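Scroll down for the structure; my scribbles are underneath it.
Side-chain atoms are counted along with the backbone in the values below, which use heavy atoms only and exclude waters and symmetry mates. Please read these numbers as outputs of a predicted model, since none were measured by experiment.
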Amino acid sequence: MINIFIDTSGSMSEMGKGSGAIYVVKSIQDYCEFNSVKSNVYKLDGSIVGDILSIKFNENININLLRDFIRNETLVGNILVSDGLFDEEILDNTVSISIGVDADLYNLEKVSLNIFEPENIIEALEYLQFTNSDSNINKEEEDDDEW
């Protein structure tokens with residue numbers, strides 16, 4: 001299960017970041033569908049997004065709501081699609097996809113396991129699946145033994 005959290009704050013409505021975020025989310029959904037992986041899309045407050053194209057980028061949601069939602073639901077396999085322009089808060093089991101030329105990479109680095117650029121979506125998904133799967137670790141060890 002991949003949980004996609006999309007930043008809908010006002011800063012995401014500037015410089016085309018909203019369109020970029022929608023494109024990234026659709027790309028993640030397509031990857032998940034192709035690989036038979038379930039995915040859900042949420043806003044930062046934990047409300048589920050039914051139609052990605054209907055998102056309005058003008059909400060200011062405290063990042064603490066997202067942190068609490070992830071911890072209360074014990075979610076793993078989380079992707080944050082954001083420009084990082086929010087107060088920092090550590091997000092468990094989460095990688096970030098940075099959006100926009102003004103993305104606060106320092107802040108995104110502090111809140112997530114790793115940061116990826118939009119052109120590296122597949123790398124982000126594989127990293128996330130690897131960090132949350134013991135079977136991948138065992139498979140890699142078996143491959144090393146064969147050499």
Would the distance check show the side chain of [X] and the main-chain N or O of [Y] forming a donor-acceptor pair, the cut-off being under 3.5 Å?
| X | Y | value |
| --- | --- | --- |
| Asn114 | Ala124 | no |
| Asn3 | Val76 | yes |
| Thr131 | Leu128 | yes |
| Ser13 | Ser11 | no |

Pairs of donor and acceptor atoms involving the side chains of residues 20-41, under 3.5 Å and at least two apart or interchain, shall be tabulated with distances.
unit_1	atom_1	unit_2	atom_2	d
Ser27	OG	Tyr23	O	2.9
Asn35	ND2	Tyr31	O	2.9

To the nearest 0.5 Å, how far apart are [atom1] in [X] and [atom2] in [Y]?
| X | Y | atom1 | atom2 | answer |
| --- | --- | --- | --- | --- |
| Asn64 | Arg67 | CG | CZ | 4.5 Å |
| Ile55 | Asn58 | CD1 | CG | 11.0 Å |
| Leu66 | Arg71 | CG | CZ | 10.5 Å |
| Asp87 | Asn107 | CG | CG | 8.0 Å |
| Leu108 | Asp83 | CG | CG | 7.5 Å |
| Leu91 | Ser96 | CG | OG | 7.0 Å |

Using the ring pair (Phe, Tyr, Trp, His ring centres under 6.0 Å) rule, collect all pairs that involve residues 68-111, keeping only residues at least two apart or in two chains.
Tyr42-Phe69
Considering only heavy atoms from C-beta outward, does the side chain of [X] approach that of [Y] to under 4.5 Å?
| X | Y | result |
| --- | --- | --- |
| Asp45 | Thr8 | no |
| Leu65 | Leu44 | no |
| Ser98 | Ser82 | no |
| Lys17 | Phe57 | no |
| Leu85 | Asp7 | no |
| Leu113 | Tyr127 | yes |
| Asn93 | Ile70 | no |

Find out if a path of hydrophobic residues (ILVMFWY) with successive side-chain heavy-atom gaps under 4.5 Å connects Phe130 to Ile79.
no
Answer yes if Leu75 and Leu125 sit in the same cluster of Ile, Leu, Val, Met, Phe, Trp and Tyr residues linked by side chain heavy atoms under 4.5 Å apart, and no otherwise.
no
On a heavy-atom basis, the closest approach of Ser112 and Ile115 is OG-CG1, 4.2 Å
Please evaluate residues Thr94 and Val111 with respect to the criterion side chain to side chain contact (heavy atoms under 4.5 Å, CB included), reporting the C-alpha separation (whole Å), side-chain torsions for both, the decisive distance (0.1 Å), and the verdict.
CA-CA 8 Å; Thr94 303; Val111 303; over 6 Å; no
Kindly state each residue pair satisfying salt bridge (Lys or Arg N to Asp or Glu O under 4.0 Å) with at least one member in residues 109-122, sequence neighbours excluded.
Glu88-Lys110
